[in-house]
Amino acid sequence: MPDELLPESLLEFSEASLGDWCRDAGIPAFRARQIRHWVFEKRVYDFDKMHSLPKPLRERLSSSFEILAANVAAHQRASDNTEKLLLEWRDNESVECVLMRETSRRTACISTQVGCAMGCVFCASGLLGLKRNLSRGEILEQVVRIEACLKRDEKLTNLVVMGIGEPLANLDALLSALADVHSPNGLGLGARRITISTVGLPLKMRELAESGRQYNLAVSLHAPNDELRNRLVPVNDRVGIDEIVQAADYYFASTGRRVTYEYVLLGGVNDASVHARQLSILLRERNAHVNLIPMNDVSALPYSEPAQPRTQQFLSILEQNGVPATIRKRKGADIDAACGQLRLERSKPSPEVIPLTETALPKP
Ligand code: SAH
C-alpha cells in the first residue's frame with residue numbers, strides 16, 4: 001500500500017495539531033481533548049472503545065489514524081519484574097524500551113534514535129552505527145507502551161531517556177514528545193521526574209537549559225581526563241571535558257537542577273584510584289552527583305565490570321573528597337536490559353547502515 005493511504009499515527013500529533021486536524025475536519029475542538037484523555041488517561045488504544053465519542057466519529061478516526069504504530073517484536077520480563085519491549089516500526093527498524101520496578105518507583109527507559117553515531121567503545125547501541133532519528137510519535141509511543149504494561153494500580157513515576165541513541169542529537173523530536181509526557185493533558189509526569197542522559201554535546205545542553213523545562217540532566221563522562229575520554233567516547237575528541245562541564249554548570253545555573261555525571265566503570269581501564277582522584281578534583285567544587293555504573297556485559301565487546309572492592313574503593317575516594325556518589329543498581333540482568341542488546345541480537349548489519357561517523361552529530 002502506498003504510504004499516503006496508510007493511516008496516520010495519532011501520537012505524531014501534538015495537542016495543538018490534533019486540535020487543528022479536528023477543526024479542518026469540521027469536528028469540535030473538545031473532541032481532540034476527549035481523544036487524548038482516552039489514550040493518555042484511560043489507556044484505551046482502540047477508537048471503537050471510546051464511548052464518549054459518537055459512532056460515526058469513531059469510525060472516521062479509525063480509518064484516519066492508528067493509535068499505536070509499532071509492532072511488539074519481543075516482550076521480555078526479568079525475575080525482578082523489569083520488562084523490556086522491542087518495538088518495530090513500519091520500516092522494520094526497531095528500538096528498545098524498558099520498565100523498571102523498584103519499591104513504589106516505576107521507571108520507563110526510552111530510546112531516541114535507531115542506533116547511535118557516538119561510538120562509545122563499551123556500548124551495544126552504537127555497534128551498528130546510526131540508522132535514523134525517531135520521530136516525536138515514536139518516542140512518545142514507547143512511554144505509552146510502557147504505561148500499558150503497568151497494572152491498573154501502578155503509576156509511572158519516573159522517565160529516563162537512557163535507551164538507544166543520543167537524545168540531544170534528536171532534541172526537537174524529544175522535546176516535542178516530552179511535552180506530552182509532561183503535560184497535564186498528556187501523561188502528566190512532572191518534569192523533575194524526567195532525566196535526559198547525554199554523551200555531552202555542549203551547544204545542545206545549553207539549548208536544553210534554555211527550553212525553560214526542569215528536566216534533570218545526566219552527563220555520561222566515563223573518564224576524568226581528555227586523553228582517556230577520547231579513547232572511550234570518541235566524539236570527545238571534538239568537544240573536550242572542559243566545554244562539557246561548563247555547559248553542565250550553565251544547565252545548573254539556568255534550571256537549578258543538580259547535574260548527574262554518569263561514570264561506567266570498566267575493569268582495568270578507568271577504575272584506578274588515580275581516576276577517582278582526578279574525577280574528584282574536576283567535580284568537587286561543582287554541585288554535582290556521580291552515578292557509578294558497573295559495566296553491563298556486552299558479549300561482542302572486550303570490556304567488563306571491575307571486581308566489587310574496586311568499585312567500592314572508587315566510591316570511597318569520591319566520598320572522601322566531598323563528591324556525592326552512588327553505585328547504580330542493576331535491573332533486569334537476566335534479560336540483558338542494557339539497552340541496545342536485544343536489537344543488536346535481532347539485527348543483521350545491512351548495507352545502508354550509517355557507519356560511526358559524524359553524521360547527525362551537531363557541531364559542539
Ligand atoms: N547517549 C546517551 C544515552 C546513552 S545510554 C548518553 O551517552 O548518555 C545511558 C547510559 O548508559 C550512558 O551513560 C551510557 O554510556 C551507559 N552505557 C552504555 N553502554 C553501557 C554498558 N555496556 N554498561 C553500562 N552502561 C552503559
Side-chain angles (χ1 to χ4, degrees), residues 116-123 125-126 161-162 165-169 171 195-210 215-255 257-295 303 306 311 313-315 317-328 356-358 360-364:
C116 185
M118 302 298 125
C120 302
V121 298
F122 48 82
C123 180
S125 304
V161 187
M162 294 189 181
E166 169 48 43
L168 297 195
L171 185 57
T195 300
I196 301 172
S197 177
T198 179
V199 73
L201 305 177
L203 273 187
K204 291 285 166 181
M205 289 161 70
R206 287 170 187 272
E207 195 179 321
L208 182 62
E210 282 156 14
Y215 302 132
N216 301 306
L217 182 67
V219 177
S220 295
L221 200 62
H222 309 323
N225 62 67
D226 280 326
E227 190 271 322
L228 181 56
R229 194 167 195 268
N230 288 348
R231 282 200 276 132
L232 301 180
V233 182
V235 56
N236 190 63
D237 206 16
R238 296 186 296 123
V239 186
I241 291 176
D242 199 42
E243 287 279 316
I244 294 172
V245 291
Q246 281 182 35
D249 289 349
Y250 179 76
Y251 193 84
F252 174 63
S254 314
T255 62
R257 305 301 293 153
R258 182 176 71 164
V259 173
T260 296
Y261 287 90
E262 293 161 282
Y263 194 103
V264 172
L265 286 166
L266 309 170
V269 178
N270 64 352
D271 62 340
S273 308
V274 62
H275 298 131
R277 284 195 295 273
Q278 286 177 2
L279 190 60
S280 306
I281 293 167
L282 183 69
L283 299 182
R284 70 181 163 205
E285 302 294 323
R286 306 194 133 87
N287 199 333
H289 177 266
V290 175
N291 203 342
L292 297 173
I293 316 171
M295 153 112 187
Y303 301 96
T311 302
Q313 189 190 28
F314 203 96
L315 177 70
I317 296 174
L318 294 177
E319 285 174 344
Q320 282 155 18
N321 284 287
V323 178
T326 41
I327 300 176
R328 183 178 297 170
L356 299 176
T357 58
E358 300 170 5
L361 177 65
K363 272 260 167 275

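None of the values given here were measured: they were computed from a predicted structure.
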Inter-residue atom distance Leu168.CG - Leu201.CG, 0.5 Å rounding
5.5 Å
Among side-chain atoms of Asn216 and Arg257, is any donor-acceptor pair under 3.5 angstrom?
yes
Are the charged groups of Arg231 and Glu227 less than 4.0 angstrom apart, N to O?
yes
Side chain to side chain contact (heavy atoms under 4.5 Å, CB included) with Leu282: which of Asp242, Asn225, Val245?
Val245
Nearest-0.5 Å distance, CG of residue Leu266 to CG of residue Leu228
8.5 Å
Could you grab the distance from atom SG of Cys116 to atom CD of Glu166, nearest 0.5 Å is fine?
6.5 Å
Angle class for the His222/Tyr263 ring planes (parallel below 30°, perpendicular above 60°, tilted otherwise)?
perpendicular
Rounded to the nearest 0.5 Å, what separates atom CG in Leu171 from atom CD1 in Ile196?
7.0 Å
Is there a donor-acceptor pair closer than 3.5 Å between any side-chain N or O of Gln313 and the backbone N or O of Ser273?
no
Can you list the steps and then say if Ser220 with Val233 is a side chain to side chain contact (heavy atoms under 4.5 Å, CB included)?
CA-CA 9 Å; Ser220 295; Val233 182; over 6 Å; no
Any donor and acceptor pair, going by atom type alone, linking the side chain of Tyr303 with main-chain N or O of Val121 inside 3.5 Å?
no
From Leu315 atom CG to Ile327 atom CD1, the distance as rounded to the nearest 0.5 Å:
4.5 Å
Looking at Asn236, is its backbone amide N or carbonyl O close enough to the side chain of Asp226 to form a donor-acceptor pair, meaning the two atoms are under 3.5 Å apart?
no
Backbone N or O of Val323 within a donor-acceptor pair of the Asn321 side chain at under 3.5 Å?
no
Residue pairs fulfilling ring-ring contact (aromatic ring centres under 6.0 Å, His included) with at least one residue in residues 270-294, sequence neighbours excluded
none
